[in-house]
Amino acid sequence: MKMNKMKIWVACGIFCVLSVLISSWYAVTFNDSRLVVPMDCTDYVFHIKDLPMIVSVSCTCLYVLSLFTMLFIYVKRKQRQVEETNITRKINPRLGFLGVLGFLGFVGFWTYPIDGRVSPFAFFLFFGFFGFFYEGKMSGTFMDERFRENIACAKLKAYRITFSIMFVALLVLCQGKLFGSLEYTLIAAIIILSLALALGLFLSEYLLYHYDHDEQADQGEA
Amino acid sequence: MTEFECRLKKYRQMKDLTQEQLAEKVGVRRETIMRLEKAQYNPSLKLAIDISRVVEATIEEIFVFK
């Protein structure tokens with residue numbers, strides 16, 4: 001993305017955040033906090049003073065939606081570029097540090113006893129981002145037929161391991177209540193599924209690097 | 001995998017080509033040529049044909065399946 005275009009997008013983002021903040025302040029000060037505090041929307045009647053809040057929130061939603069659309073278009077363009085040039089996509093290995101977000105899954109052990117929320121356990125999925133570390137190391141590699149074979153082998157092995165873990169987990173969890181509670185079974189299912197998927201994401205990249213790297217090491221010795 | 005003997009190195013040297021040059025001509029990485037020469041990689045038919053054209057030898061002369 002060009003610098004000027006980037007600046008425009010950042011400016012739009014700042015404008016959206018500011019407009020929401022100002023309209024929230026307006027609603028709290030002059031409109032009895034309507035649309036700021038939770039309210040029953042079933043008998044909602046439009047007031048002219050609601051307009052700033054509605055406009056600013058709509059603008060922000062539109063902005064976020066266009067950001068996602070741009071991200072989607074960018075990813076598609078990159079995929080097409082990879083197919084055309086036969087060169088792996090360029091990724092900074094430091095993106096692998098995003099895998100640390102997987103530790104957010106442990107938040108579930110804190111939220112579940114407090115308010116019964118189990119969704120944070122799904123954050124264990126982010127452990128899969130550690131795979132970016134290896135994908136980044138192979139950035140810009142020319143994909144010849146042997147490399148593509150290695151990709152297929154790595155993916156196959158990763159999916160086999162993932163599938164086996166899920167299969168064993170299914171057999172164990174189907175037994176019913178874990179430690180006498182069905183909720184514990186649900187928690188265990190979320191954790192195992194998240195970790196298995198994360199492992200699948202990570203392993204496909206790690207194994208590919210391992211195959212390619214090992215072969216190169218062999219050649220170095222020869 | 002079927003075992004085979006690869007005589008690519010001999011034919012490549014006869015044409016005075018480096019691994020890098022051959023790899024570039026047939027559109028693969030140098031590591032793939034190395035693997036081929038050590039008979040550790042079984043190439044696709046297309047790659048085998050491309051190589052045979054570049055080194056001007058038949059596929060049977062380059063790859064000897066046992």
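Within every chain, numbering begins at 1; the chains are lettered A, B, ... in the order of the sequence lines, protein sequences first and strands thereafter. Values reported hereafter were calculated over all heavy atoms of this structure, with side chains retained and with hydrogens, waters and symmetry mates removed.
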(Q) Distance check, rounded to the nearest 0.5 Å: A:Phe142 atom CZ versus B:Arg30 atom CZ? (A) 14.5 Å
Q) Is the number of heavy atoms from other residues, nucleotides or ligands under 6.0 Å of A:Tyr206 OH greater than 12? A) no
Q. More than 12 foreign heavy atoms under 6.0 Å from CD of B:Glu61: is that the case here?
A. yes
**Q.** Over 12 foreign heavy atoms within 6.0 Å of CD, A:Gln79
**A.** yes
**Q.** A:Glu145 side-chain N/O to B:Pro43 backbone N/O, donor-acceptor pair under 3.5 Å
**A.** no
Q. Do the non-hydrogen side-chain atoms of B:Tyr41 and A:Glu149 ever get within less than 4.5 Å of each other?
A. yes
Q) Is a salt bridge present between A:Asp212 and B:Arg29, judged by a nitrogen-to-oxygen distance below 4.0 Å? A) yes
